[in-house]
Amino acid sequence: MSRQVRVRFAPSPTGPLHIGGVRTALFNYLFAKKNNGVFFLRIEDTDQTRFVPGAEEYIMEALEWLGIAPDETIGKNEKFGPYRQSDRKDLYQKYADQLIQSGWAYYAFDTPEALDAHRKQHEAEGKTFIYNHHNREKLDTSLVISAEETAKRIANGEHYVIRFKTPVDETLHLKDIIRGDVKFETNLLDDKVLFKSDGMPTYHLANIVDDHLMETTHVIRGEEWLPSMPLHVLLYRAFGWEAPEFAHLPLILKPVGNGKLSKRDGDKLGFPVFPLEWKTEEGVSSGYREKGFFPETVVNFLALLGWNDGTEQELFSLEELVEKFDLSRVHKAGAKFDPEKNKWFNHQYLIKQNDADLAKSFASILEEKGISTALDLTKIVSLIKERAHFVSEFWDLSDFFFVAPTSYDEKARKNWKEETPALMQKLISVLGEITDFTSVNIETIVKDWMTKNEIGMGKVMQPFRLSLVGALKGPHLFDIVELIGKEETIKRIEKAIATL
(Lines give C-alpha, C1' and ligand atoms only; values in the text may rest on other atoms or scores of the structure.)
Protein backbone atom coordinates (compact mmCIF):
# COMPACT_ATOMS: atom_id res chain seq x y z
CA MET A 1 0.00 0.00 0.00
CA SER A 2 1.46 3.38 -0.95
CA ARG A 3 1.87 5.91 1.84
CA GLN A 4 -0.03 9.19 1.94
CA VAL A 5 2.14 12.03 0.59
CA ARG A 6 3.50 14.12 3.47
CA VAL A 7 5.84 17.04 2.80
CA ARG A 8 7.22 19.71 5.06
CA PHE A 9 8.63 23.20 5.07
CA ALA A 10 11.22 23.32 7.86
CA PRO A 11 12.74 26.80 8.24
CA SER A 12 15.01 28.02 11.04
CA PRO A 13 13.71 31.06 12.96
CA THR A 14 16.84 33.13 12.32
CA GLY A 15 15.16 36.22 10.82
CA PRO A 16 12.58 37.11 8.18
CA LEU A 17 11.65 34.51 5.57
CA HIS A 18 13.58 35.07 2.31
CA ILE A 19 11.58 34.88 -0.92
CA GLY A 20 13.60 31.74 -1.81
CA GLY A 21 12.27 30.08 1.34
CA VAL A 22 8.75 31.15 0.40
CA ARG A 23 9.14 29.45 -2.98
CA THR A 24 10.28 26.23 -1.24
CA ALA A 25 7.18 26.39 0.97
CA LEU A 26 4.99 27.02 -2.09
CA PHE A 27 6.39 24.09 -4.10
CA ASN A 28 5.87 21.79 -1.08
CA TYR A 29 2.30 23.08 -0.70
CA LEU A 30 1.52 22.59 -4.42
CA PHE A 31 2.99 19.09 -4.42
CA ALA A 32 1.00 18.09 -1.32
CA LYS A 33 -2.30 19.45 -2.65
CA LYS A 34 -1.77 17.96 -6.13
CA ASN A 35 -1.28 14.53 -4.53
CA ASN A 36 -4.06 14.84 -1.89
CA GLY A 37 -1.32 14.91 0.70
CA VAL A 38 -0.40 16.84 3.82
CA PHE A 39 1.77 19.98 3.97
CA PHE A 40 3.21 20.61 7.42
CA LEU A 41 5.43 23.27 8.96
CA ARG A 42 8.21 22.35 11.38
CA ILE A 43 10.38 24.96 13.07
CA GLU A 44 14.03 23.83 13.16
CA ASP A 45 15.52 25.78 16.06
CA THR A 46 18.22 23.40 17.33
CA ASP A 47 20.82 26.16 16.89
CA GLN A 48 19.68 28.41 19.74
CA THR A 49 22.58 30.85 19.17
CA ARG A 50 20.96 31.97 15.90
CA PHE A 51 17.39 32.17 17.21
CA VAL A 52 15.70 35.54 16.50
CA PRO A 53 12.59 36.53 18.51
CA GLY A 54 9.55 37.12 16.31
CA ALA A 55 10.88 35.07 13.38
CA GLU A 56 8.63 32.07 14.04
CA GLU A 57 5.49 34.25 14.14
CA TYR A 58 6.68 36.01 10.98
CA ILE A 59 6.96 32.68 9.10
CA MET A 60 3.42 31.68 10.15
CA GLU A 61 1.95 35.06 9.19
CA ALA A 62 3.69 35.06 5.79
CA LEU A 63 2.30 31.63 4.85
CA GLU A 64 -1.20 32.66 6.02
CA TRP A 65 -1.05 35.88 3.97
CA LEU A 66 -0.02 33.96 0.85
CA GLY A 67 -2.88 31.48 1.26
CA ILE A 68 -0.54 28.49 1.67
CA ALA A 69 -0.99 27.84 5.40
CA PRO A 70 0.18 24.41 6.61
CA ASP A 71 -2.26 21.58 7.43
CA GLU A 72 -0.26 20.72 10.56
CA THR A 73 2.01 22.89 12.66
CA ILE A 74 2.49 24.32 16.15
CA GLY A 75 -0.98 24.56 17.68
CA LYS A 76 -2.76 23.12 14.63
CA ASN A 77 -3.59 19.42 14.04
CA GLU A 78 -0.52 18.32 16.01
CA LYS A 79 -0.76 14.70 14.88
CA PHE A 80 3.03 14.23 15.06
CA GLY A 81 3.84 17.03 17.52
CA PRO A 82 5.62 18.88 18.87
CA TYR A 83 6.39 20.76 15.62
CA ARG A 84 9.16 22.86 17.14
CA GLN A 85 12.49 21.04 17.41
CA SER A 86 13.52 22.63 20.71
CA ASP A 87 10.35 21.07 22.20
CA ARG A 88 11.46 17.66 20.89
CA LYS A 89 15.02 17.76 22.24
CA ASP A 90 14.55 14.85 24.68
CA LEU A 91 13.94 12.58 21.67
CA TYR A 92 17.29 12.83 19.98
CA GLN A 93 19.70 11.41 22.61
CA LYS A 94 18.13 7.97 22.19
CA TYR A 95 18.79 7.98 18.44
CA ALA A 96 22.35 9.26 18.84
CA ASP A 97 22.99 6.44 21.34
CA GLN A 98 21.47 3.93 18.90
CA LEU A 99 24.02 4.96 16.25
CA ILE A 100 26.86 4.56 18.76
CA GLN A 101 25.61 1.04 19.67
CA SER A 102 25.33 -0.02 16.03
CA GLY A 103 28.81 1.30 15.19
CA TRP A 104 27.52 4.03 12.85
CA ALA A 105 28.77 6.82 15.13
CA TYR A 106 31.51 7.52 17.69
CA TYR A 107 32.41 9.97 20.47
CA ALA A 108 34.99 12.66 19.69
CA PHE A 109 36.65 14.64 22.50
CA ASP A 110 38.87 16.93 20.38
CA THR A 111 39.05 20.49 21.69
CA PRO A 112 38.61 23.41 19.27
CA GLU A 113 42.30 24.27 19.89
CA ALA A 114 43.45 20.74 18.95
CA LEU A 115 41.36 20.78 15.75
CA ASP A 116 42.71 24.22 14.87
CA ALA A 117 46.28 22.92 15.29
CA HIS A 118 45.52 19.98 12.95
CA ARG A 119 44.09 22.37 10.39
CA LYS A 120 47.16 24.61 10.50
CA GLN A 121 49.50 21.63 10.23
CA HIS A 122 47.65 20.39 7.12
CA GLU A 123 47.78 23.89 5.58
CA ALA A 124 51.53 24.06 6.20
CA GLU A 125 51.85 20.78 4.27
CA GLY A 126 49.64 22.13 1.46
CA LYS A 127 46.73 19.80 2.35
CA THR A 128 43.12 20.33 3.46
CA PHE A 129 42.06 18.93 6.82
CA ILE A 130 38.88 16.84 6.61
CA TYR A 131 37.66 15.03 9.71
CA ASN A 132 36.98 11.58 8.24
CA HIS A 133 38.34 8.04 7.71
CA HIS A 134 41.83 9.44 6.96
CA ASN A 135 42.40 10.63 10.50
CA ARG A 136 39.53 9.64 12.81
CA GLU A 137 41.64 6.87 14.35
CA LYS A 138 44.54 9.29 14.96
CA LEU A 139 42.35 11.81 16.80
CA ASP A 140 40.87 11.88 20.31
CA THR A 141 37.90 9.54 19.70
CA SER A 142 36.19 6.49 21.14
CA LEU A 143 37.50 4.57 18.13
CA VAL A 144 40.98 4.52 19.74
CA ILE A 145 40.29 4.71 23.48
CA SER A 146 38.60 1.97 25.47
CA ALA A 147 34.89 1.87 26.28
CA GLU A 148 35.74 2.24 30.01
CA GLU A 149 37.91 5.31 29.37
CA THR A 150 35.18 6.82 27.13
CA ALA A 151 32.49 6.27 29.78
CA LYS A 152 34.73 7.76 32.48
CA ARG A 153 35.45 10.92 30.46
CA ILE A 154 31.75 11.44 29.73
CA ALA A 155 30.90 10.87 33.43
CA ASN A 156 33.52 13.49 34.38
CA GLY A 157 31.60 16.05 32.31
CA GLU A 158 34.20 16.33 29.57
CA HIS A 159 32.90 18.01 26.41
CA TYR A 160 32.31 15.69 23.48
CA VAL A 161 30.44 15.44 20.21
CA ILE A 162 29.00 12.40 18.50
CA ARG A 163 30.17 12.10 14.89
CA PHE A 164 28.78 9.99 12.06
CA LYS A 165 31.14 7.22 10.93
CA THR A 166 31.02 7.61 7.16
CA PRO A 167 31.60 4.35 5.25
CA VAL A 168 34.87 4.02 3.31
CA ASP A 169 35.40 3.37 -0.42
CA GLU A 170 31.78 3.51 -1.48
CA THR A 171 30.16 5.26 -4.43
CA LEU A 172 26.61 6.35 -3.64
CA HIS A 173 24.28 6.40 -6.65
CA LEU A 174 21.30 8.49 -5.49
CA LYS A 175 18.16 9.65 -7.25
CA ASP A 176 16.90 13.21 -7.20
CA ILE A 177 13.46 13.86 -8.75
CA ILE A 178 14.70 17.09 -10.39
CA ARG A 179 18.37 16.31 -11.07
CA GLY A 180 18.11 12.62 -11.94
CA ASP A 181 21.01 10.38 -10.88
CA VAL A 182 23.62 11.99 -8.65
CA LYS A 183 26.84 10.35 -7.53
CA PHE A 184 28.87 10.84 -4.34
CA GLU A 185 32.16 9.27 -3.19
CA THR A 186 32.02 8.52 0.55
CA ASN A 187 35.81 9.00 0.87
CA LEU A 188 35.31 12.71 0.11
CA LEU A 189 32.70 13.20 2.84
CA ASP A 190 33.51 14.35 6.37
CA ASP A 191 32.25 12.73 9.57
CA LYS A 192 29.59 15.26 10.47
CA VAL A 193 28.76 16.12 14.08
CA LEU A 194 25.32 14.71 14.97
CA PHE A 195 25.04 15.46 18.67
CA LYS A 196 26.73 17.74 21.23
CA SER A 197 27.37 17.23 24.92
CA ASP A 198 24.92 20.06 25.74
CA GLY A 199 22.15 17.61 24.82
CA MET A 200 21.26 19.31 21.52
CA PRO A 201 21.36 17.50 18.19
CA THR A 202 22.76 19.17 15.09
CA TYR A 203 20.54 19.92 12.13
CA HIS A 204 21.43 16.65 10.38
CA LEU A 205 20.35 14.24 13.14
CA ALA A 206 17.24 16.18 14.21
CA ASN A 207 16.13 16.61 10.59
CA ILE A 208 16.35 12.89 9.77
CA VAL A 209 14.76 11.69 13.02
CA ASP A 210 11.90 14.18 12.68
CA ASP A 211 11.28 13.44 9.01
CA HIS A 212 11.08 9.73 9.87
CA LEU A 213 8.81 10.18 12.91
CA MET A 214 6.58 12.65 11.05
CA GLU A 215 6.31 10.21 8.13
CA THR A 216 7.73 12.59 5.52
CA THR A 217 7.52 10.95 2.09
CA HIS A 218 9.24 13.61 -0.03
CA VAL A 219 11.91 16.15 0.90
CA ILE A 220 11.61 19.18 -1.42
CA ARG A 221 14.23 21.78 -0.54
CA GLY A 222 16.75 24.24 -1.99
CA GLU A 223 19.77 23.27 -4.08
CA GLU A 224 22.10 24.37 -1.26
CA TRP A 225 21.11 21.17 0.62
CA LEU A 226 22.25 18.85 -2.18
CA PRO A 227 25.69 18.25 -0.55
CA SER A 228 23.88 17.01 2.60
CA MET A 229 21.93 14.39 0.65
CA PRO A 230 24.53 11.56 0.94
CA LEU A 231 24.79 11.96 4.73
CA HIS A 232 21.00 12.01 5.07
CA VAL A 233 20.57 8.89 2.93
CA LEU A 234 23.33 7.13 4.92
CA LEU A 235 21.61 8.07 8.19
CA TYR A 236 18.39 6.44 6.94
CA ARG A 237 20.44 3.35 6.11
CA ALA A 238 22.12 3.39 9.54
CA PHE A 239 18.74 3.46 11.28
CA GLY A 240 17.26 0.85 8.96
CA TRP A 241 14.50 3.26 7.86
CA GLU A 242 12.99 3.85 4.43
CA ALA A 243 14.34 7.12 3.04
CA PRO A 244 11.97 9.70 1.52
CA GLU A 245 12.34 10.81 -2.10
CA PHE A 246 14.48 13.92 -2.57
CA ALA A 247 14.01 16.93 -4.88
CA HIS A 248 16.44 19.87 -4.83
CA LEU A 249 15.04 23.11 -6.25
CA PRO A 250 17.15 25.47 -8.39
CA LEU A 251 18.50 28.70 -6.94
CA ILE A 252 16.75 32.04 -7.38
CA LEU A 253 19.35 34.23 -9.05
CA LYS A 254 20.05 37.97 -8.93
CA PRO A 255 18.25 40.12 -11.55
CA VAL A 256 21.66 41.23 -12.84
CA GLY A 257 24.56 38.84 -13.30
CA ASN A 258 25.08 35.52 -11.56
CA GLY A 259 24.78 34.42 -7.95
CA LYS A 260 22.01 33.82 -5.46
CA LEU A 261 19.45 36.57 -4.85
CA SER A 262 20.25 38.42 -1.62
CA LYS A 263 18.78 41.19 0.50
CA ARG A 264 21.61 43.40 -0.79
CA ASP A 265 20.31 43.02 -4.36
CA GLY A 266 16.87 44.16 -3.20
CA ASP A 267 18.30 47.15 -1.33
CA LYS A 268 20.43 48.15 -4.31
CA LEU A 269 17.68 47.83 -6.94
CA GLY A 270 14.77 48.90 -4.71
CA PHE A 271 12.61 45.78 -4.47
CA PRO A 272 11.70 43.55 -1.49
CA VAL A 273 13.18 40.08 -0.93
CA PHE A 274 10.84 39.31 1.99
CA PRO A 275 7.08 38.58 1.84
CA LEU A 276 6.27 40.90 4.76
CA GLU A 277 8.01 43.92 6.27
CA TRP A 278 10.68 43.12 8.90
CA LYS A 279 11.60 45.67 11.56
CA THR A 280 14.81 45.70 13.61
CA GLU A 281 16.71 48.35 15.56
CA GLU A 282 18.85 48.88 12.44
CA GLY A 283 15.81 49.77 10.36
CA VAL A 284 12.96 48.38 8.28
CA SER A 285 13.25 45.89 5.42
CA SER A 286 10.30 46.25 3.06
CA GLY A 287 7.94 43.39 2.26
CA TYR A 288 5.81 42.53 -0.77
CA ARG A 289 2.60 42.98 1.26
CA GLU A 290 3.51 46.52 2.38
CA LYS A 291 4.70 47.42 -1.15
CA GLY A 292 1.15 46.79 -2.35
CA PHE A 293 1.56 43.38 -4.02
CA PHE A 294 -1.42 41.04 -3.89
CA PRO A 295 -0.68 37.65 -2.30
CA GLU A 296 -1.92 35.99 -5.52
CA THR A 297 0.72 37.94 -7.46
CA VAL A 298 3.56 36.76 -5.23
CA VAL A 299 2.38 33.13 -5.45
CA ASN A 300 2.10 33.41 -9.24
CA PHE A 301 5.54 34.89 -9.93
CA LEU A 302 7.27 32.58 -7.44
CA ALA A 303 5.69 29.49 -9.02
CA LEU A 304 7.25 30.44 -12.36
CA LEU A 305 10.75 30.74 -10.88
CA GLY A 306 12.15 27.40 -11.97
CA TRP A 307 8.88 25.75 -13.09
CA ASN A 308 6.42 26.02 -15.98
CA ASP A 309 3.59 23.86 -17.23
CA GLY A 310 5.01 23.59 -20.76
CA THR A 311 2.67 26.23 -22.23
CA GLU A 312 2.89 30.00 -22.77
CA GLN A 313 0.44 30.65 -19.91
CA GLU A 314 1.74 33.13 -17.34
CA LEU A 315 -1.24 33.88 -15.10
CA PHE A 316 -2.28 31.07 -12.76
CA SER A 317 -4.63 31.01 -9.81
CA LEU A 318 -3.52 28.91 -6.82
CA GLU A 319 -6.11 26.27 -7.83
CA GLU A 320 -4.66 26.10 -11.37
CA LEU A 321 -1.13 25.81 -10.00
CA VAL A 322 -2.18 22.89 -7.78
CA GLU A 323 -3.83 21.18 -10.76
CA LYS A 324 -0.84 21.62 -13.10
CA PHE A 325 2.12 21.37 -10.72
CA ASP A 326 4.58 18.56 -11.40
CA LEU A 327 8.11 18.24 -9.99
CA SER A 328 9.28 16.73 -13.29
CA ARG A 329 8.74 20.17 -14.87
CA VAL A 330 11.02 21.96 -12.39
CA HIS A 331 14.26 23.07 -14.09
CA LYS A 332 17.76 22.28 -12.85
CA ALA A 333 19.17 25.68 -13.82
CA GLY A 334 18.80 28.74 -11.57
CA ALA A 335 15.92 31.13 -12.25
CA LYS A 336 16.59 34.85 -12.68
CA PHE A 337 14.49 37.14 -10.48
CA ASP A 338 12.80 39.93 -12.48
CA PRO A 339 11.39 42.78 -10.31
CA GLU A 340 9.92 44.60 -13.36
CA LYS A 341 8.07 41.50 -14.52
CA ASN A 342 6.73 41.08 -10.97
CA LYS A 343 5.17 44.55 -11.24
CA TRP A 344 3.55 43.46 -14.52
CA PHE A 345 2.07 40.46 -12.68
CA ASN A 346 0.65 42.77 -10.00
CA HIS A 347 -0.89 44.98 -12.71
CA GLN A 348 -2.66 41.92 -14.15
CA TYR A 349 -4.07 41.01 -10.74
CA LEU A 350 -5.04 44.63 -10.03
CA ILE A 351 -7.14 44.78 -13.20
CA LYS A 352 -8.96 41.59 -12.16
CA GLN A 353 -9.82 42.93 -8.68
CA ASN A 354 -13.34 44.00 -7.80
CA ASP A 355 -13.68 47.81 -8.16
CA ALA A 356 -15.61 48.16 -4.90
CA ASP A 357 -12.80 46.38 -2.97
CA LEU A 358 -10.17 48.58 -4.60
CA ALA A 359 -12.27 51.64 -3.77
CA LYS A 360 -12.11 50.69 -0.06
CA SER A 361 -8.30 50.52 -0.21
CA PHE A 362 -8.22 53.84 -2.06
CA ALA A 363 -10.53 55.41 0.54
CA SER A 364 -7.90 54.62 3.21
CA ILE A 365 -5.25 56.42 1.16
CA LEU A 366 -7.51 59.48 0.79
CA GLU A 367 -8.22 59.42 4.52
CA GLU A 368 -4.48 59.50 5.26
CA LYS A 369 -4.24 62.55 3.01
CA GLY A 370 -7.09 64.21 4.92
CA ILE A 371 -9.41 64.17 1.92
CA SER A 372 -13.10 63.47 2.45
CA THR A 373 -15.16 63.19 -0.72
CA ALA A 374 -18.68 62.43 -1.86
CA LEU A 375 -17.41 61.32 -5.29
CA ASP A 376 -18.07 57.77 -6.52
CA LEU A 377 -14.72 56.07 -5.75
CA THR A 378 -15.76 52.79 -7.36
CA LYS A 379 -16.33 54.60 -10.65
CA ILE A 380 -13.05 56.53 -10.35
CA VAL A 381 -11.14 53.30 -9.69
CA SER A 382 -12.71 51.68 -12.77
CA LEU A 383 -11.41 54.58 -14.89
CA ILE A 384 -7.81 54.57 -13.63
CA LYS A 385 -6.88 51.02 -12.67
CA GLU A 386 -5.78 50.04 -16.21
CA ARG A 387 -2.86 52.47 -15.81
CA ALA A 388 -1.75 51.32 -12.33
CA HIS A 389 0.54 48.59 -11.02
CA PHE A 390 -0.37 49.26 -7.38
CA VAL A 391 -3.25 50.79 -5.42
CA SER A 392 -0.67 53.26 -4.03
CA GLU A 393 -0.45 54.79 -7.55
CA PHE A 394 -4.18 55.65 -7.60
CA TRP A 395 -3.65 59.07 -6.05
CA ASP A 396 -1.18 60.27 -8.69
CA LEU A 397 -3.50 58.96 -11.40
CA SER A 398 -6.62 60.65 -10.03
CA ASP A 399 -5.68 63.58 -7.76
CA PHE A 400 -7.47 66.00 -10.13
CA PHE A 401 -10.85 64.42 -9.26
CA PHE A 402 -10.48 65.65 -5.68
CA VAL A 403 -8.38 68.80 -5.97
CA ALA A 404 -8.68 71.46 -8.68
CA PRO A 405 -5.37 72.12 -10.48
CA THR A 406 -3.31 74.98 -9.02
CA SER A 407 -0.81 74.96 -11.91
CA TYR A 408 -0.85 73.91 -15.54
CA ASP A 409 1.60 71.70 -17.42
CA GLU A 410 4.12 73.88 -19.29
CA LYS A 411 4.13 71.78 -22.47
CA ALA A 412 0.34 71.59 -22.56
CA ARG A 413 -0.02 75.39 -22.27
CA LYS A 414 0.84 75.78 -25.96
CA ASN A 415 -2.68 74.45 -26.67
CA TRP A 416 -4.07 77.58 -25.00
CA LYS A 417 -4.29 79.99 -27.92
CA GLU A 418 -5.54 83.55 -28.37
CA GLU A 419 -9.08 82.43 -29.30
CA THR A 420 -9.25 79.84 -26.46
CA PRO A 421 -10.76 82.09 -23.70
CA ALA A 422 -13.71 83.03 -25.93
CA LEU A 423 -14.30 79.37 -26.90
CA MET A 424 -14.11 78.31 -23.24
CA GLN A 425 -16.72 80.99 -22.32
CA LYS A 426 -19.05 79.55 -24.98
CA LEU A 427 -18.38 76.03 -23.64
CA ILE A 428 -19.42 77.23 -20.16
CA SER A 429 -22.76 78.40 -21.62
CA VAL A 430 -23.31 75.05 -23.38
CA LEU A 431 -22.52 73.08 -20.19
CA GLY A 432 -24.72 75.39 -18.10
CA GLU A 433 -27.80 74.42 -20.10
CA ILE A 434 -27.36 70.62 -19.81
CA THR A 435 -29.75 69.02 -17.32
CA ASP A 436 -28.93 65.32 -17.83
CA PHE A 437 -25.31 65.61 -16.68
CA THR A 438 -24.10 62.13 -17.67
CA SER A 439 -20.92 61.41 -19.60
CA VAL A 440 -22.59 60.17 -22.79
CA ASN A 441 -25.13 63.01 -22.89
CA ILE A 442 -22.55 65.75 -22.18
CA GLU A 443 -20.27 64.36 -24.91
CA THR A 444 -23.12 64.26 -27.46
CA ILE A 445 -24.20 67.87 -26.76
CA VAL A 446 -20.65 69.33 -26.70
CA LYS A 447 -19.65 67.55 -29.94
CA ASP A 448 -22.90 68.63 -31.65
CA TRP A 449 -22.15 72.23 -30.68
CA MET A 450 -18.61 71.97 -32.14
CA THR A 451 -19.86 70.37 -35.36
CA LYS A 452 -22.62 72.97 -35.86
CA ASN A 453 -20.19 75.82 -35.31
CA GLU A 454 -17.41 74.14 -37.32
CA ILE A 455 -15.00 74.29 -34.37
CA GLY A 456 -12.03 71.88 -34.61
CA MET A 457 -11.91 69.14 -31.98
CA GLY A 458 -8.41 70.03 -30.71
CA LYS A 459 -9.33 73.70 -30.22
CA VAL A 460 -11.83 72.78 -27.48
CA MET A 461 -10.93 69.35 -26.13
CA GLN A 462 -7.31 70.02 -25.17
CA PRO A 463 -7.89 73.35 -23.38
CA PHE A 464 -10.98 71.75 -21.77
CA ARG A 465 -8.87 68.86 -20.38
CA LEU A 466 -6.09 71.26 -19.33
CA SER A 467 -8.66 73.32 -17.38
CA LEU A 468 -9.97 70.29 -15.46
CA VAL A 469 -6.78 68.25 -14.96
CA GLY A 470 -3.92 70.74 -15.22
CA ALA A 471 -2.27 68.48 -17.84
CA LEU A 472 -3.16 66.45 -20.92
CA LYS A 473 -3.60 63.19 -19.00
CA GLY A 474 -6.30 61.15 -17.31
CA PRO A 475 -9.23 58.96 -18.38
CA HIS A 476 -12.05 59.81 -20.81
CA LEU A 477 -12.71 63.55 -20.45
CA PHE A 478 -16.50 63.36 -20.23
CA ASP A 479 -16.28 60.72 -17.48
CA ILE A 480 -14.24 63.25 -15.47
CA VAL A 481 -16.84 65.94 -16.18
CA GLU A 482 -19.73 63.74 -15.01
CA LEU A 483 -17.92 62.75 -11.82
CA ILE A 484 -16.82 66.17 -10.65
CA GLY A 485 -20.20 67.65 -11.63
CA LYS A 486 -21.43 70.75 -13.46
CA GLU A 487 -20.61 73.36 -10.84
CA GLU A 488 -17.00 72.20 -10.30
CA THR A 489 -16.41 71.81 -14.07
CA ILE A 490 -17.51 75.38 -14.77
CA LYS A 491 -15.51 76.71 -11.80
CA ARG A 492 -12.33 75.07 -13.11
CA ILE A 493 -12.80 76.41 -16.65
CA GLU A 494 -13.33 79.93 -15.23
CA LYS A 495 -10.16 79.57 -13.18
CA ALA A 496 -8.18 78.47 -16.23
CA ILE A 497 -9.46 81.46 -18.23
CA ALA A 498 -8.37 83.81 -15.44
CA THR A 499 -4.97 82.13 -14.91
CA LEU A 500 -3.92 81.23 -18.47
Side-chain angles (χ1 to χ4, degrees), residues 17-35 39 62-63 65-68 177-178 220 222-223 247 249-258 260-261 265-266 269-276 286-289 291-355 357-358 361 381-382 384-394 397:
L17 190 55
H18 186 274
I19 211 76
V22 176
R23 187 198 55 178
T24 299
L26 173 63
F27 281 21
N28 274 281
Y29 175 92
L30 296 175
F31 183 77
K33 298 302 162 197
K34 171 74 184 271
N35 293 289
F39 167 59
L63 298 182
W65 176 66
L66 290 160
I68 55 170
I177 297 171
I178 294 164
I220 304 163
E223 184 183 302
L249 306 173
L251 291 176
I252 297 180
L253 305 173
K254 302 169 183 289
V256 191
N258 291 325
K260 192 174 164 184
L261 178 74
D265 299 310
L269 298 168
F271 64 87
V273 295
F274 302 131
L276 318 176
S286 64
Y288 277 91
R289 179 176 66 183
K291 281 277 185 196
F293 280 82
F294 298 105
E296 300 89 339
T297 302
V298 181
V299 163
N300 195 150
F301 75 65
L302 282 179
L304 297 179
L305 284 173
W307 171 86
N308 68 43
D309 71 337
T311 71
E312 296 296 304
Q313 185 176 340
E314 289 190 284
L315 297 172
F316 294 90
S317 67
L318 189 56
E319 292 70 33
E320 284 176 296
L321 287 171
V322 166
E323 188 193 321
K324 298 191 171 194
F325 189 74
D326 188 339
L327 280 174
S328 69
R329 294 210 59 87
V330 175
H331 318 303
K332 292 188 195 75
K336 204 165 256 194
F337 197 74
D338 187 345
E340 287 310 306
K341 181 75 186 217
N342 297 346
K343 284 187 194 169
W344 174 85
F345 275 110
N346 208 60
H347 171 66
Q348 302 306 316
Y349 279 94
L350 183 89
I351 295 166
K352 286 167 45 175
Q353 297 290 317
N354 176 291
D355 291 341
D357 291 340
L358 290 173
S361 304
V381 162
S382 74
I384 59 169
K385 71 177 188 179
E386 286 285 347
R387 295 180 184 82
H389 288 100
F390 302 100
V391 173
S392 59
E393 294 167 355
F394 282 4
L397 290 167

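Throughout, residue positions are numbered sequentially from 1 according to the sequence presented. For the numbers below, each heavy atom of this structure counts, side chains included, while hydrogens, waters and symmetry mates do not.
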Does any N or O in the side chain of N346 come within less than 3.5 Å of the main-chain N or O of G292, such that one atom is a donor and the other an acceptor? yes
Side-chain (H18) to main-chain (G20) donor-acceptor, under 3.5 angstrom: yes
Please report whether the ring centroid of F31 lies less than 6.0 Å from that of F39. no
Kindly determine whether D355 and K385 satisfy salt bridge (Lys or Arg N to Asp or Glu O under 4.0 Å), including the steps that lead there. CA-CA 9 Å; D355 291 341; K385 71 177 188 179; 2.7 Å; yes
Check G306 against P250 and note the closest heavy-atom contact, atom names and distance. CA-CG, 4.2 Å
Partners passing ring-ring contact (aromatic ring centres under 6.0 Å, His included) against F274 (at least two apart in sequence or in another chain): none
Please answer whether the main-chain N or O of N308 pairs with a side-chain N or O of R329 as donor and acceptor at a distance below 3.5 Å. yes
Indicate yes or no: at least one non-hydrogen side-chain atom of L249 is less than 4.5 angstrom from one of T24. yes
With sequence neighbours left out, the residues meeting ring-ring contact (aromatic ring centres under 6.0 Å, His included) with H347 are H389
Quick one: sort the Y288 and F337 rings into parallel, tilted or perpendicular, breaks at 30° and 60°. perpendicular
Stepwise, does the salt bridge (Lys or Arg N to Asp or Glu O under 4.0 Å) test hold for K343 with E393? CA-CA 12 Å; K343 284 187 194 169; E393 294 167 355; over 6 Å; no
Would you say that more than 12 heavy atoms from the other residues, nucleotides or ligands in this model lie under 6.0 Å from the CG of N354, or not? yes
Any sub-3.5 Å donor-acceptor pair from K260's side-chain atoms to L253's backbone N or O? no
Let me see the working for F394 and L350 under side-chain contact (heavy atoms from CB on, under 4.5 Å), right down to the final yes or no. CA-CA 11 Å; F394 282 4; L350 183 89; 4.1 Å; yes
Tell me if a side-chain donor or acceptor on R387 pairs with a main-chain N or O of L397 at a distance below 3.5 Å. no
Is there a donor-acceptor contact under 3.5 Å linking the side chains of Q313 and K324? yes
Could you go through the side-chain contact (heavy atoms from CB on, under 4.5 Å) check for E223 and I178 one step at a time? CA-CA 10 Å; E223 184 183 302; I178 294 164; over 6 Å; no
Run the side chain to side chain donor-acceptor pair (under 3.5 Å) test against N300 and tell me which residues pass, sequence neighbours left out. Y349
